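Here's the structure, in structure tokens; my notes come after.
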Amino acid sequence: MEDDFDQTLDSNYGSSHDKVIVHLDADCFYAQVEMLKNPELRTLPLGVQQKNLLVTCNYVARQFGVKKCMLVSDAKRLCPSLILVKGEDLYDYRQMSTKMTLLLQKFSPLVEKLGLDENFVDVTQLVAETLKSDFAGSRNVEGHIYGDITSRCDCGCYERLCVGSQIASEMRKQLKEELGVTCCAGVAYNKLLAKLVCSTHKPNQQTTLFPAGVSDLMLNLNNVRSLPGIGHRTSEILQSLGISSIEQLQNINLELLEHALGRTLAERLKKLSVGADDMVVKPTGKPQSIGLEDGFRKISLESEVKDKCEVLLQRLMILLAEDGRIPGAIRVTVRKYDNSSRYSHRESRQCNIPSSLFLPKVGTLSSNAHNKLLTSIMKLFHKIIDISKPFHLTLLGVAFTKFQERNTGKGSITSFLVKDISVQSVMNFQNISLHGVEAMECSSSKNAGKQSGSTLNYADKSGSESEPEPSPKKTRADFWRGSRKRSLTESDKDSPNKHRSSELRLSTGEPINEVDFSKLSDGIQEELMESCMSLPSLTDKLGISDNSTPNTSMSIEDNFQTNASQKLWKRLGSNQGPQDQ
DNA sequence: CTGGGTTCGT
DNA sequence: ACGAACC
Ligand SMILES: Nc1ccn([C@H]2C[C@H](O)[C@@H](COP(=O)(O)OP(=O)(O)OP(=O)(O)O)O2)c(=O)n1
Ligand SMILES: [Mn+2]
């Protein structure tokens, strides 16, 4: 008891072994999603292109020496047969990202996203429950072990990390089977080490790090730049101090480092350099900002600015409607043409916006509020740019921030859906395939948007009546390796809307069937319609894609080869055929 | 020939 | 409002 207390207070600089952290990182993420959309690309060298930058490529292409974030021209020189797919529109990547995080949240609520394809999961509790309920279970490490384990720590971390590796393996199995996504995983006792060890075996592999391997892992990093937390700027400063290796960073005098970097950063980096990290896995909630930007050669007329911003705003309103919250502020970002300096000098201005613009009125928002927002945007623009002089922009961005939850009626299913994270994709109402409802205004029309035409599936039968109550004897620890079952959490139970919405849950589970809209209860049908109509700017969604440069062709034709992974992709909510290259 | 985001700290 | 970090 007292020992535990001391241990907690000591906080051993983030080097205690009491946690089990899994870090998951999808393989060549954008490229993988593109291959899921069009499996014919699987065997070919594939690159995903944003303007002139090749942002990532599949592992076939990597054999040619093609690298991430490379100029397209350089990549083509290395690999003339490289197939290119446009990737400026992140919609599909974002959607897959959401599904991955939802799947991982079945293992622990402590899931933190980093970008679109990485997740940290703190599985300490699941590991503890598993060890408790299954103390004689196998202690095999799944996947690779980093370095040697000749000396075993006696704090119990060996067993914990073993179970962690088994959980990681199950996570990857489910990601592959349910979403078609392959990824790497790293298992360690803190975030830094989980992330670093994750990347030691790629692709589609996992690695577990025990305390005995920590020193090797750190010293095998090639450059100080490989330490998460040391970016472009900091590594340059370190370079000017003659520090380029991890070992040099470990050994440099702390006072000297503080002088160059400030105390907080210096102390943090010192600890990181020996693998100590006390950062906690912070559950990722809804985003703090939702924005879009577009880069270009030159814009020098106010009218062009307005046009660009209007397009950005239209696309933004779709993302906003799907998010379901009301923004309290809007921000405009600009990049001025700057000779000599490749470095983006960006300037931004933001202002508050009245929430009255987002009142749940049906048709009114579209033109009226839209115009007011555009006016605000232009006002902000004029705060940055003096129109009376010539100007030359190379980027425009618009973002919403300061979100507030939408307050629809208390018991309304709308307000409930907005809150329920597992149902948020449903807020994209065009995702519902409305069998038995003919051409509802919000679903049909052009049906050409990227976010249209997806299918809504059941997943969670156990959420409603059919599943027996979990027996108190059975701990949650068994769910991930024994029979797969999901039970309602406590907070699920006290809300009647939760039960109603289980009818509408987006699939991440096995029994995949399309929802037949006409089979939903009448009350829910009506409320869904109302919810649909009360969403801001819903009518704007019609025929408008979150797609600046369309990168897919919409073939309604469904007779082409049906490869398993493509079926999976389609089943999971795409309506897109393969691309015509 | 340099994406399109998001978060955090100051 | 901006720089720095991450993907
Ligand atoms: N500067 C960057 C870095 C990444 N990404 C995008 C493209 C990647 O597909 C995705 C994930 O980034 P990763 O660094 O994890 O790279 P990949 O997943 O593509 O490849 P890997 O297999 O090495 O993880 O984020 C980006 O747009 N800009
Ligand atoms: Mn990745």
Side-chain angles (χ1 to χ4, degrees), chain A residues 23-31 47-56 67-77 84-94 96-97 100-101 112-120 183 191-192 195 198-199 225-237 261-265 268-269 272 279 282 284-298 312 315-316 319 323 329 331-335 337-338 340-351 380 383-384 394-401 403 546-549 551:
Chain A
H23 177 259
L24 295 116
D25 179 337
D27 301 323
C28 57
F29 185 55
Y30 292 2
V48 177
Q49 180 183 16
Q50 289 174 329
K51 301 284 161 60
N52 284 321
L53 195 69
L54 189 109
V55 75
T56 194
K67 297 286 195 10
K68 293 182 274 189
C69 294
M70 182 179 234
L71 288 178
V72 168
S73 51
D74 292 342
K76 279 201 292 217
R77 207 163 293 126
L84 294 172
V85 174
K86 297 275 194 187
E88 287 97 352
D89 186 336
L90 307 188
Y91 191 90
D92 291 336
Y93 315 138
R94 213 181 262 126
M96 183 58 81
S97 177
M100 293 189 296
T101 301
E112 177 179 346
K113 280 174 63 130
L114 187 55
L116 293 183
D117 84 322
E118 293 186 21
N119 289 277
F120 292 95
C183 64
K191 285 173 66 176
L192 196 232
K195 179 174 168 105
C198 178
S199 59
R225 183 63 226 267
S226 321
L227 248 200
I230 298 182
H232 178 71
R233 192 65 234 277
T234 308
S235 74
E236 276 189 352
I237 295 174
L261 300 177
R263 213 174 90 155
T264 46
L265 185 56
R268 216 181 94 237
L269 294 188
L272 291 181
M279 289 302 289
K282 185 191 172 184
T284 305
K286 300 242 226 157
Q288 308 285 306
S289 70
I290 299 178
L292 293 172
E293 50 187 49
D294 190 11
F296 35 75
R297 280 312 188 121
K298 177 175 192 180
L312 288 175
R315 290 175 57 206
L316 247 191
L319 299 180
D323 179 88
R331 178 171 63 240
V332 169
T333 302
V334 142
R335 185 178 65 202
Y337 177 77
D338 189 355
S340 75
S341 172
R342 59 192 300 122
Y343 222 68
S344 45
H345 178 57
R346 289 150 102 110
E347 277 178 77
S348 70
R349 296 291 185 274
Q350 71 176 269
C351 69
L380 291 170
K383 285 191 184 183
I384 310 175
T394 60
L395 179 139
L396 276 168
V398 181
F400 288 116
T401 61
F403 289 107
D546 169 29
N547 196 353
S548 50
T549 51
N551 61 5

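All values derive from a computational prediction rather than experimental measurement. A, B, ... follow the sequence lines: proteins, then strands. Residue 1 opens every chain. Every heavy atom of this structure was used, including side-chain atoms; hydrogens, water molecules and symmetry mates were not.
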Starting at atom [atom1] of [X], determine the distance to atom [atom2] of [N], rounded to an integer number of angstrom.
{"X": "Arg297(A)", "N": "dC1(B)", "atom1": "CZ", "atom2": "P", "answer": "8 Å"}
{"X": "Gln50(A)", "N": "dG3(B)", "atom1": "CD", "atom2": "P", "answer": "9 Å"}
{"X": "Leu312(A)", "N": "dG4(B)", "atom1": "CG", "atom2": "C1'", "answer": "11 Å"}
{"X": "Tyr93(A)", "N": "dG3(B)", "atom1": "OH", "atom2": "C1'", "answer": "11 Å"}
{"X": "Leu90(A)", "N": "dT6(B)", "atom1": "CG", "atom2": "P", "answer": "8 Å"}

Where each residue is assigned the nucleotide of DNA chain B containing its nearest heavy atom, which of Ser289(A) and Leu395(A) is assigned the position nearer the 5′ end?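 Upstream on the strand: Leu395(A).
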Find which nucleotide of DNA chain B each of Ile290(A) and Cys69(A) is nearest to by heavy atoms, and output the residue with the more 5' nucleotide.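 Closer to the 5' end of DNA chain B: Cys69(A).
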With sugar-phosphate meaning primed atoms plus P, OP1 and OP2, does [X] contact a base, only sugar-phosphate, or nothing at under 4.0 Å between heavy atoms?
{"X": "Lys76(A)", "result": "nothing"}
{"X": "Ser73(A)", "result": "base"}
{"X": "Arg225(A)", "result": "sugar-phosphate"}
{"X": "Gly229(A)", "result": "sugar-phosphate"}
{"X": "Leu71(A)", "result": "base"}
{"X": "Arg268(A)", "result": "nothing"}
{"X": "Gln49(A)", "result": "nothing"}
{"X": "Arg263(A)", "result": "nothing"}
{"X": "Arg331(A)", "result": "nothing"}

Show the nearest heavy-atom pair for residues [X] and [Y], with the distance to one decimal.
{"X": "Asn119(A)", "Y": "Lys113(A)", "result": "OD1-CG, 3.1 Å"}
{"X": "Leu227(A)", "Y": "Leu269(A)", "result": "CD1-O, 4.3 Å"}
{"X": "Lys282(A)", "Y": "Glu112(A)", "result": "N-OE1, 2.8 Å"}
{"X": "Ala329(A)", "Y": "Gln350(A)", "result": "CB-OE1, 3.9 Å"}
{"X": "Gly295(A)", "Y": "Lys51(A)", "result": "O-NZ, 2.9 Å"}

Looking at residues at least two apart in the chain, or sitting in another chain, which of them share a side-chain contact (heavy atoms from CB on, under 4.5 Å) with Asp74(A)?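 Listed in chain order: Met70(A), Leu71(A), Arg77(A).
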Going through the checks in order, is the side chain to side chain donor-acceptor pair (under 3.5 Å) test met by Arg335(A) and Thr394(A)? CA-CA 5 Å; Arg335(A) 185 178 65 202; Thr394(A) 60; 2.6 Å; yes
Nucleotide interval of DNA chain C bounded by contacts with chain A (heavy-atom cut-off, under 4.0 Å):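 Span of nucleotides near chain A: dA1(C) to dC7(C).
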What integer number of Å spans the P atoms of dC7(C) and dT2(B)?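 My reading of the P atoms in dC7(C) and dT2(B) gives 23 Å.
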May I ask you to decide if the ring planes of Tyr30(A) and Tyr93(A) are parallel, tilted or perpendicular, using 30° and 60° as cut-offs?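 Ring orientation of Tyr30(A) relative to Tyr93(A): parallel.
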In the structure I gave you, are the side-chain heavy atoms of Glu347(A) and His345(A) within less than 4.5 Å of one another anywhere?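 Counting from C-beta outward, Glu347(A) and His345(A) do come under 4.5 Å.
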For nucleotides 8-10 of chain B, give me every protein contact, N/O to N/O, under 3.5 Å, one pair per line with atom names.
| unit_1 | atom_1 | unit_2 | atom_2 | d |
| --- | --- | --- | --- | --- |
| dC8(B) | OP1 | Lys282(A) | NZ | 3.0 |

Is it true that Asp338(A) and Arg346(A) have a side-chain N and a carboxylate O under 4.0 angstrom from each other?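 Answer for the salt bridge query: no.
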